[in-house]
Each structure stands twice: as C-alpha cells, then as structure tokens.
J.: 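The structure follows.
Atom set for the values below is all heavy atoms of this structure, side chains included, hydrogens, waters and symmetry mates excluded. Keep in mind that this is a model prediction, so the values were computed, not measured. Numbering of residues begins at 1 and proceeds along the displayed sequence.
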Amino acid sequence: MFKQLDKKYDQGHAHLSIYPGVGGDDAKDWANMLLSMYTKYAQKRGWKVALIDDRAIDIRGEYAFGTLRNETGVHRLVRISPFDSKKLRHTSFALVEVLPELPELEARNMVIPPEDLKMELSRSSGPGGQNVNKRETAVRIVHLPTGIAAASQAERGQAQNREKALALLKAKLFTVMQQRQEKELKNLRTQVKPEWGQQIRSYVLHPYQQVKDHRTGAVSHQPDKVLNGELDKFIDAELN
C-alpha cells in the first residue's frame with residue numbers, strides 16, 4: 001500500500017462524476033469516453049461500479065477513494081473529430097470529480113438550510129424498472145448559494161433518489177470546504193471550469209499518440225490501452 005493512502009476517507013468508496021466542457025458533441029463524447037475508462041479501471045481492480053446518473057458512478061471497493069482522488073481535474077483530448085464532416089482536429093475538455101463517501105454521522109451533522117436547496121424532478125432515463133420514463137423519479141438538488149449540484153436517477157423511487165442526491169451534495173460541499181479550509185458554507189464559490197489551461201492530463205490521438213500527465217510527467221504512447229482502463233502508470237506516479 002502506498003504511504004500516501006493514509007488520509008481521511010482514503011480507505012473508503014468513491015463517487016466519480018464527469019462534466020463535459022464547451023465543445024458540443026465532441027465534449028460530451030469525451031466525457032463518455034472518460035466514464036468508460038474509469039469504469040473499466042475499477043472493474044480491473046475488482047471494485048463494484050454502479051451508474052448513479054448521466055456520467056456519474058459509485059465505485060465501491062477498498063481504497064477506491066484514495067486511489068482515485070488525484071484524478072480530480074480537467075482532462076484534455078486532441079483528436080480528429082468523428083462529428084466533423086471535414087475531418088478536422090478538435091480539442092475537447094472534461095472535468096473529473098472524485099468524492100469520498102461520507103460516514104453517516106458526518107453527513108447527518110452537516111445541516112443545510114432548506115431555503116438554500118432547490119430540488120428538480122425529471123423522468124429517469126436509465127435502468128430503474130417499470131417506472132422509467134413514466135414518473136418523475138430522477139432528482140437533482142442544487143445548493144443555491146454556490147450553484148453546486150448533485151443528482152441521482154439510479155433508484156426506483158423519488159424518495160430514494162432524493163436521499164442519494166442529498167448525500168452526494170453534502171459530500172461535494174464537504175470536500176470543497178476542506179480544500180478551501182472554510183468552516184461556513186456561505187463562503188464557498190464555484191470551482192474550476194473544464195477549459196484550456198486547467199488540464200492535469202492530455203490525451204492526444206492525432207497527429208501523434210500520447211497521454212501525458214502534466215503534474216508528474218508520466219507518459220504513455222498507447223492511448224488506446226489507457227482509455228481501456230490501464231491507468232496504473234498515471235495513478236501510481238501521482239501516489240508516489
């Protein structure tokens with residue numbers, strides 16, 4: 001075990017979300033590619049993966065959060081766009097967010113004023129039984145002072161999805177407060193956006209083949225294998 005895996009929550013499960021940046025279909029496709037990459041990585045580790053919302057998964061396994069927490073950040077893709085009829089090269093960005101699963105006691109102790117929350121309901125678009133696309137079971141909760149949001153559509157009922165979304169929202173707020181050493185929710189502001197100049201890792205498919213982490217200098221010239229879940233080189237370099 002890496003000695004760096006000794007921080008609070010490192011030993012527990014993780015929640016991973018991916019947000020496409022500007023770029024339309026290319027950015028959305030890149031976010032989906034990243035979701036597939038992390039799902040395959042987790043499965044290779046023997047961890048359990050559950051889809052929670054569009055481009056959001058729960059990863060349940062020992063040290064899942066500690067292993068993946070440094071993947072948080074902007075990921076950049078350079079390739080010939082499959083959506084461009086002229087076959088031009090495009091650059092896409094997506095933001096990866098990795099959160100810990102808060103212990104029940106800590107989640108219970110974080111009280112958010114009801115007037116600071118906005119709940120949005122919609123019809124679930126994923127697995128969920130006979131109620132899919134018939135009843136508004138999908139739930140998205142927005143923390144109005146910060147704009148931070150969390151959603152769930154994996155559960156069968158609205159109440160269960162609301163509980164899951166609220167737990168994820170608390171984990172997000174808790175994580176941001178820790179990062180900024182804030183003790184008050186009201187002091188939080190919007191986080192980094194997925195755009196140029198913020199990337200932690202670049203995945204270049206054209207005009208050459210390379211994945212490079214800009215923090216550690218780790219490089220792979222086999223991006224197809226990286227996108228197929230072979231992330232150990234990059235994750236180990238960061239943990240070392």
Side-chain angles (χ1 to χ4, degrees), residues 8-9 12-21 27-28 31-32 34-35 38-39 48-60 64-65 68-69 71-74 94-129 131-180 182-194:
K8 197 174 183 179
Y9 311 120
H13 309 310
H15 177 78
L16 188 147
S17 299
I18 302 173
Y19 305 94
K28 292 176 183 177
N32 291 335
L34 286 171
L35 185 68
Y38 287 113
T39 298
K48 294 182 178 179
V49 180
L51 185 68
I52 299 303
D53 192 39
D54 293 338
R55 306 185 191 93
I57 52 177
D58 267 344
I59 302 175
R60 306 191 70 79
F65 175 67
L68 291 168
R69 59 177 156 81
E71 291 298 292
T72 294
V74 177
L95 175 65
V96 174
E97 177 186 64
V98 184
L99 301 170
E101 181 180 71
L102 286 186
E104 186 177 341
L105 180 61
E106 293 197 30
R108 197 184 310 137
N109 287 340
M110 178 180 276
V111 179
I112 305 175
E115 61 270 20
D116 285 352
L117 298 176
K118 177 184 178 183
M119 187 168 72
E120 301 171 347
L121 305 177
S122 62
R123 293 179 180 179
S124 176
S125 59
N131 61 355
V132 172
N133 295 327
K134 293 182 180 179
R135 293 191 294 114
E136 293 184 325
T137 57
V139 176
R140 181 175 184 266
I141 301 179
V142 183
H143 181 244
L144 295 174
T146 62
I148 293 174
S152 174
Q153 61 172 318
E155 305 297 335
R156 290 179 177 273
Q158 184 186 108
Q160 296 98 316
N161 278 322
R162 183 185 185 281
E163 183 178 345
K164 179 68 176 178
L166 185 58
L168 293 176
L169 180 64
K170 287 184 176 182
K172 289 189 179 197
L173 293 170
F174 185 84
T175 299
V176 177
M177 289 173 70
Q178 276 197 319
Q179 291 171 344
R180 306 184 188 183
E182 294 287 0
K183 294 183 179 180
E184 299 292 335
L185 283 174
K186 64 183 180 181
N187 293 331
L188 299 182
R189 294 294 183 270
T190 304
Q191 288 184 285
V192 64
K193 295 181 179 180

J.: Which residues pass the side chain to side chain contact (heavy atoms under 4.5 Å, CB included) test with Thr72, not counting sequence neighbours?
T.: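 Side chain to side chain contact (heavy atoms under 4.5 Å, CB included) list for Thr72, sorted by chain: Val98.
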
J.: If you look at every heavy atom in His15 and Ser17, which pair is closest and at what distance?
T.: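 So the minimum-distance heavy-atom pair works out to NE2-OG, 3.1 Å.
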
J.: Which residue pairs pass the salt bridge (Lys or Arg N to Asp or Glu O under 4.0 Å) test when at least one of the two sits in residues 140-152, sequence neighbours left out?
T.: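 Only Glu120-Arg140 qualify under salt bridge (Lys or Arg N to Asp or Glu O under 4.0 Å).
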
J.: Among residues at least two apart in sequence or on other chains, which ones pass side chain to side chain donor-acceptor pair (under 3.5 Å) with Gln158?
T.: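 Side chain to side chain donor-acceptor pair (under 3.5 Å) check on Gln158 returns nothing, list empty.
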
J.: As an exercise, state the distance from CG of Leu168 to CD1 of Ile141, rounded to the nearest 0.5 Å.
T.: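 Here the interatomic distance stands at 9.0 Å.
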
J.: Between Val139 and Leu121, does a side chain to side chain contact (heavy atoms under 4.5 Å, CB included) hold up when you go through it step by step?
T.: CA-CA 5 Å; Val139 176; Leu121 305 177; 3.8 Å; yes

J.: The criterion is side chain to side chain donor-acceptor pair (under 3.5 Å); which residues satisfy it with Asp53, sequence neighbours excluded?
T.: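 Applying side chain to side chain donor-acceptor pair (under 3.5 Å) to Asp53 gives Gln153.
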
J.: Would you please name every residue forming a ring-ring contact (aromatic ring centres under 6.0 Å, His included) with Tyr9, sequence neighbours left out?
T.: Phe174

J.: Check each of Val111, Asp116, Leu117 against Pro113 using the side-chain contact (heavy atoms from CB on, under 4.5 Å) test, and report the only one that passes.
T.: Asp116

J.: Taking atom CG of Leu166 and atom CE of Met110, what is their separation to the nearest 0.5 Å?
T.: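 Nearest 0.5 Å value for the CG-CE distance: 10.0 Å.
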
J.: List the residues meeting salt bridge (charged side-chain N to carboxylate O under 4.0 Å, His left out) with Arg162, not counting sequence neighbours, and say none if there are none.
T.: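 Listed in chain order: nothing, the list is empty.
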
J.: How close do Ala165 and Ala150 get, heavy atom to heavy atom, and via which atoms?
T.: O-CB, 3.4 Å

J.: Just how far is it from atom CG of Leu16 to atom CG of Leu34, taken to the nearest 0.5 Å?
T.: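 One finds 9.0 Å between CG of Leu16 and CG of Leu34.
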
J.: Would you please name every residue forming a salt bridge (charged side-chain N to carboxylate O under 4.0 Å, His left out) with Lys164, sequence neighbours left out?
T.: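 Lys164: salt bridge (charged side-chain N to carboxylate O under 4.0 Å, His left out) contacts with Asp58.
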
J.: Roughly how far, to the nearest 0.5 Å, is the OG1 atom of Thr39 from the CD1 atom of Ile59?
T.: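 With rounding to 0.5 Å, CD1 (Ile59) is 7.0 Å from OG1 (Thr39).
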
J.: In Å and rounded to the nearest 0.5 Å, what is the CG to CE distance from Leu169 to Met119?
T.: 12.5 Å

J.: Could you report the tightest heavy-atom contact between Phe65 and His13, atom names first, then the distance?
T.: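 What the structure gives for the nearest pair is CB-O, 3.4 Å.
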
J.: Any sub-3.5 Å donor-acceptor pair from Lys172's side-chain atoms to Ala149's backbone N or O?
T.: yes

J.: Identify the two heavy atoms, one from Lys170 and one from Ile112, that lie closest to each other, and give their separation to 0.1 Å.
T.: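 Heavy atoms of Lys170 and Ile112 come nearest at CG-CD1, 4.1 Å.
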
J.: Check whether any side-chain N or O of Asn161 sits under 3.5 Å from a backbone N or O of Thr137 as a donor-acceptor pair, and report yes or no.
T.: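 Pair found, side chain donor or acceptor close to backbone of Thr137.
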
J.: Considering all heavy atoms of both residues, which atom of Pro100 and which atom of Thr175 are nearest to each other, and what is their separation?
T.: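 Of all heavy-atom pairs spanning Pro100 and Thr175, the closest is CD-OG1, 3.5 Å.
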
J.: How about Ile52 and Ser152: do any of their side-chain heavy atoms sit closer than 4.5 Å?
T.: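 Ile52 vs Ser152: side chains touch.
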
J.: So which atom in Lys118 and which in Leu144 form the shortest heavy-atom distance, rounded to 0.1 Å?
T.: CB-CD2, 3.8 Å

